[in-house]
> 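For reference, the structure I am asking about is given below.
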Amino acid sequence: MRLPCDVVVVSRLLPSAGMRAPGRAARALLALGKPTGGEGGVCLLVSTARHRPGAKYQLRENIDQLFTKFVDEGKATLRLKEPAVDICLSKANVSELRTFLYAVKLAHQGTKEETLPLSKLVSPKASEVEKPKTKMTITSKKDYPLTRNFPYSLEYLQASYCKLARIDMRMLCLRNLRKLDLSHNSIKQLPATIGDLVCLQELNLQDNQLESFNVALCNSTLKRSLQSLDLSQNKIKALPTEFCYLQKLVHLKLDDNNLIRLPFKIGQLSHLRFLSVARNKLPFLPSEFAKLSLESLDLFGNYFEQPKPLVPDIHLQIPLTLLEYSARATINYRIPYDCHILPYHLCDDLEMSKTCQCGRACLTCFIQTTVTMNLHSVAHTVVLVDNMGGTEAPILCYFCSLTCYSQFLDRHLQSVR
């Protein structure tokens, strides 16, 4: 039986001799087996890259204690009687480590040795004790691996300028992946299985052929892990409303797309600090944009319309419909709801509710207009919106009644005077 992991062998006699124990773990291969001749019971062989022949430790009645408190993190410690050493294991596969420790315990007791999956105590290959590869960079099609798999230990993978038309499914098996850079390819669609990369923190899809962002990714584990997303230089016209479920986002780049609107609930991205949406086709900003708290904002080169606070778009219906009354009450009084209580389409409608300047909600009955917002109110650093030196942009405003709109007009006219 063999177990690859990181190992530190610490002698308990070193402190008494005034010496310090080695602090850094080395990649090793642990093997359980019997020495040549089969005498003396099961031994543990610890082999490293520096010493591939390894060191043998007798196990029968030689385990002083097993420390398994952190076995669910791939860690354990074997304390031997002779020699007086602690063999500290880490970065091991959890299920393999559990099986290995059970076999060690049986070897210590000397029972059922014939049932143990023993290995030959021979020097391992160099590749078996090398440190797992965590980073791979590919920047040309000729270097792209076609006949071999990516190392499962990868945490960073870059495959740029490889003319990829779709995401390689082999990448989606890399469960330790933290950063995936697929920039400068020809990818047109994003598979929902990207959401299975539970550790993914950074995703770079700059300069591809994307026309949309898969809604399924917004409901995946990326909600809890993704911190940086680069979708610049694609062909995206709009992002789904569910995009705002990615609430761990800190960096978001959407430059050089065909965006005609930003997600309606963008204000829900409470961790967002760096936003770049330069050179798109935005006519105005959504109302919840005002809820953002950014360090840096770039909206240069958009098709912003002139604000028209005195020319509203009226969607009021008097008297209000029963649906409107009940929807407003549900949101204003924070009445819990979900798809088990209400039909799906009503839940979706409630998620798309607007917020009036007075703080109350409205659904389909409202007055809509655009006003000017100084972008410094939401960002510390603002790139100029145009070549004229402006830092203002139009933002949507909603009013739940004629009364609220009239009060807004009074304040607006007073400020103009």
> Working to the nearest 0.5 Å, report the span between CD1 of Ile341 and CD1 of Ile335.
10.5 Å

> Are any of the side-chain heavy atoms of Phe289 and Leu396 separated by less than 4.5 Å?
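They are not in contact (no side-chain heavy atoms under 4.5 Å apart), so the answer is no.
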
> Measure from NZ or CZ of Lys133 to the centre of the six-membered ring of Tyr156 and say whether it is under 6.0 Å with the direction within 45° of the ring axis.
no

> Give, for atom SG of Cys397 and atom NE2 of His412, the distance between the pair rounded to the nearest 0.5 Å.
11.0 Å

> Hey, is CZ on Arg170 packed in by over 12 heavy atoms from elsewhere, all under 6.0 Å?
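More than 12 within 6.0 Å, yes.
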
> State, with a plain yes or no, whether a side-chain heavy atom of Asn185 is found less than 4.5 Å away from one of Tyr161.
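In short, these two side chains do not touch, never coming nearer than 4.5 Å.
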
> Might you work through the salt bridge (charged side-chain N to carboxylate O under 4.0 Å, His left out) test for Lys81 and Asp64, ending with a clear yes or no?
CA-CA 5 Å; Lys81 297 176 182 177; Asp64 188 28; 5.6 Å; no

> What are the two closest heavy atoms between Pro263 and Pro240, and how far apart are they?
CB-O, 4.2 Å

> Could you tell me which non-hydrogen atom of Cys339 sits nearest to which non-hydrogen atom of Cys347, and how far apart they are?
N-SG, 3.7 Å

> Could you go step by step and tell me if Asp143 and Ser140 meet the side chain to side chain donor-acceptor pair (under 3.5 Å) rule?
CA-CA 6 Å; Asp143 295 330; Ser140 66; 2.9 Å; yes

> Short question: side chain of Arg79, backbone of Phe67 - any donor-acceptor pair under 3.5 Å?
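Pair absent, no side-chain N/O of Arg79 close to backbone of Phe67.
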
> What are the two closest non-hydrogen atoms of Asn374 and Glu392, and how far apart are they?
CA-CG, 4.0 Å

> What distance do Ile266 atom CD1 and Leu285 atom CG have between them, rounded to the nearest 0.5 Å?
8.5 Å

> Aromatic ring centroids of Phe304 and Phe284 under 6.0 Å?
no

> Between Arg98 and Asp72, is there a side-chain N and carboxylate O pair less than 4.0 Å apart?
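A salt bridge links Arg98 with Asp72.
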
> Could you state the interatomic distance from SG (Cys362) to CD (Glu324), rounded to the nearest 0.5 Å?
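Reported to 0.5 Å precision, the distance equals 6.5 Å.
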
> Do Glu211 and Lys237 come within less than 4.5 Å of each other through their side chains, counting heavy atoms only?
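No; the side chains remain at least 4.5 Å from each other.
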
> Have a look at Leu375 and tell me which of Thr381, Leu294, Val383, Leu299 forms a side-chain contact (heavy atoms from CB on, under 4.5 Å) with it.
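For Leu375, the side-chain contact (heavy atoms from CB on, under 4.5 Å) test succeeds with only one of Thr381, Leu294, Val383, Leu299, which is Leu299.
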
> Using atom types as modelled and distance alone, determine if a side-chain donor or acceptor of Asp313 lies under 3.5 Å from a backbone N or O of Ile367.
no

> Where do Asn302 and Ala278 come nearest, in terms of heavy atoms and distance?
ND2-CA, 4.4 Å

> Any non-hydrogen side-chain atom of Leu174 less than 4.5 Å from a side-chain atom of Tyr152?
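The answer is yes; the side chains approach within 4.5 Å.
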
> Just do the side chain to side chain donor-acceptor pair (under 3.5 Å) check on Gln209 and Lys235 with the steps written out, would you?
CA-CA 6 Å; Gln209 302 294 320; Lys235 300 178 180 180; 2.8 Å; yes

> Please work out which of the three classes, parallel, tilted or perpendicular, describes the rings of Phe366 and His315, given edges at 30° and 60°.
tilted

> Assess whether side chain to side chain donor-acceptor pair (under 3.5 Å) is satisfied between Tyr303 and Asn280, documenting all intermediate values.
CA-CA 7 Å; Tyr303 300 166; Asn280 279 277; over 6 Å; no

> Using a strict threshold of under 4.0 Å (side-chain N to carboxylate O), is an ion pair present between Lys265 and Glu288?
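A salt bridge links Glu288 with Lys265.
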
> Show the nearest heavy-atom pair for residues Arg52 and Ala49, with the distance to one decimal.
CG-O, 4.1 Å

> Drop me the distance from Phe213's CZ to Leu190's CG, to the nearest 0.5 angstrom.
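Between atom CZ of Phe213 and atom CG of Leu190 there are 6.5 Å.
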
> Within a radius of less than 6.0 Å around CD of Gln247, do more than 12 heavy atoms belonging to other residues, nucleotides or ligands occur?
yes

> Check Glu351 against Tyr337 and note the closest heavy-atom contact, atom names and distance.
OE2-OH, 3.1 Å

> Do the rings of Phe399 and Phe408 sit parallel, tilted or perpendicular, given the 30° and 60° boundaries?
tilted

> For the NZ atom on Lys91, are there more than 12 heavy atoms of other groups (residues, nucleotides or ligands in this structure) within a distance under 6.0 Å?
no

> Check the surroundings of atom NE2 in His376: do more than 12 heavy atoms from other residues, nucleotides or ligands lie under 6.0 Å from it?
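For His376, atom NE2 is crowded (more than 12 foreign heavy atoms under 6.0 Å).
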
